[in-house]
2 protein chains.
Amino acid sequence: MGRQQRYDRTETVEKAMNLFWRGGYSGTSMRDLEEGLDMRPGSIYANFGNKEQLYKESMDLYADKSFTAFQSHIEKADSFMEGLELFIKQLLFTYETPCSCMLAKTLADINPDSAALREKASQMIGDFEDTLVSELEKAKASEEINRNCDVRSLARYIQVQIIGLRSYAEMQKSVITVNELLDDALQAIRKKAGSKN
Amino acid sequence: MGRQQRYDRTETVEKAMNLFWRGGYSGTSMRDLEEGLDMRPGSIYANFGNKEQLYKESMDLYADKSFTAFQSHIEKADSFMEGLELFIKQLLFTYETPCSCMLAKTLADINPDSAALREKASQMIGDFEDTLVSELEKAKASEEINRNCDVRSLARYIQVQIIGLRSYAEMQKSVITVNELLDDALQAIRKKAGSKN
DNA sequence: TAGCTTTTTGAGTGATCGTTCAAAAAAAGT
DNA sequence: ACTTTTTTTGAACGATCACTCAAAAAGCTA
């Protein structure tokens, strides 16, 4: 019944995500997308509605991939801190994708017509924070981190470290330099996790 | 000799800087600038060449203002750490301007035609790092920080903290939350400044 | 006042923006 | 073969983009 679809939807959104991640919302034109997705405008609009909706779906996929990557690193590691280190290293040293966080970039891209995108980015960062809190609570239960540690506060602190590291790494610094910064950040996180504040 | 200029150049660049800082490069159109500066396109082009050059002059002014603010806080404070705290608080809690760093936003705005802007932003962040190094060396001389401290490494670490805090603060978090994050960051900086790595 | 110089003006340029839609193409049912 | 249903196509739309330039405006000197 009817012509069969030429494009796999998830593959398409993944391509769009990579284009948007690199170029930003206003920096990526529909014509860039047409070329990158190898789709004509009519197909894009039939499948996704408009540019903003395609961006939203790209953000959803980004959040999903980030969440999955984090969970998988945590699960395969022997401790929360080891998993966190592996996760952040993957973020900083996967050269096919930009270093900086797509959600942080969205927050930076603040032109007034896309207030909804800003809001969505804020909410998604909040969601990841909740994931961190839940994993930190498990780590507290297994006595990896101090029982008096404020896990919500620690989760926010970890977010600041990740966002800062990723933004800084965006300017093509040497692997040695970035690794040194990562070590310092992890040490500070361990300190806060172990302290009795 | 000729008609007198209607616009003060520095005032104009300051207005442009604020528009660009909020909206980004691709997010701020020439028509936004025409309205914000109260200038017709011909005047803007006669004075600044083109949009990219006006952006460069805006970045120069931004760097200059940041540098001056930092130096003034350091000078009026009794110690490096106290000055740094005042400086960062000003960055985070001046509500007339965006929280996030204009240079970090420029790095995020990576569309290929503006590679020169990216380069300039990287270089300027490097310049501020040099300023930090020089002030840290003074602090080392006055024995505020440990004599074995690697000041270059510490300067980079401080940059990561500032960029991370400013990005995070961009998403309208409460003053209490941001202040708590700032305290944690300052504590970690103090720790690294005092340690013997 | 006339002539010279400098600055500002704003309508207008071609290019590109996001978006639309009638027509073509490709499958399945009759 | 023919109809029906679904998807893809791409020329074209009005709006907006960065930008130009001839003309007007506003100062100076003679």
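Residue numbering restarts at 1 for every chain, and letters A, B, ... go by the order of the sequence lines. The figures that follow rest on heavy atoms only: side chains count, while hydrogens, waters and symmetry mates do not.
For residues 35-48 of chain B, proximity to DNA chain D is found at B:P41, B:G42, B:Y45, defined as any non-hydrogen atom under 4.0 angstrom from a strand atom.
When each of B:T106, B:D109, B:T28 is checked for a side-chain hydrogen bond (donor to acceptor under 3.5 Å, both in side chains) with B:Y55, only B:T106 meets the rule. Screening B:K15, B:R9, B:K51 for a salt bridge (charged side-chain N to carboxylate O under 4.0 Å, His left out) with B:E57, the sole residue that qualifies is B:R9.
Where A:G49 and A:D32 meet DNA chain C, the nucleotide closest to each residue was compared, and A:D32 sits on the side nearer the 5' end. A residue-by-residue look at A:G2 and B:S26 shows that A:G2 has its nearest nucleotide of DNA chain D further toward the 5' end.
Between D:dC19 and B:R31, no contact under 4.0 Å exists linking OP1 or OP2 to a side-chain N or O.
Nearest heavy atoms, B:S58 versus B:F20: OG-CD1, 3.6 Å.
If you measure from atom CG of A:L33 to atom C1' of D:dG10, you get 17 Å, rounded to the nearest angstrom. Here the C1' atom of nucleotide D:dC28 and the CD atom of B:Q5 are 15 Å apart, to the nearest Å. Regarding A:R6, its CZ atom lies at a distance of 14 Å from the P atom of D:dT7, rounded to whole Å. Between B:Y55 atom OH and D:dC17 atom P there is a gap of 17 Å when expressed in whole angstrom units. Regarding A:E34, its CD atom lies at a distance of 11 Å from the P atom of D:dA11, rounded to whole Å. The distance from atom NZ of A:K51 to atom P of C:dT19 is 8 Å, rounded to the nearest whole Å. The CZ atom of A:R9 sits 14 Å away from the C1' atom of D:dT7 (whole-angstrom rounding). In this structure, CD of B:Q4 is placed 19 Å from P of C:dT5, rounded to the nearest angstrom.
Residues A:I176 and B:Y157 are members of separate hydrophobic clusters, defined by side-chain heavy-atom contacts under 4.5 angstrom among Ile, Leu, Val, Met, Phe, Trp and Tyr.
With distances taken from any side-chain atom of A:R3 to the nucleotides D:dT6, D:dC19, C:dT8, the minimum falls on D:dT6. Closest contact between the side chain of B:Y7 and the listed nucleotides D:dC19, C:dT8, D:dA18 involves C:dT8.
Nucleic acid contact class of A:T28 (heavy atoms, under 4.0 Å, all strands): sugar-phosphate only.
Checked against the 6.0 Å centroid threshold, B:F128 and B:F70 count as a close aromatic pair.
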Problem set entry | Residues B:D8, B:R6; criterion salt bridge (charged side-chain N to carboxylate O under 4.0 Å, His left out); working and verdict | CA-CA 7 Å; B:D8 177 77; B:R6 193 184 138 198; over 6 Å; no
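With no hydrogens or angles considered, a side-chain donor-acceptor pair links B:T177 and B:S174 at under 3.5 Å.
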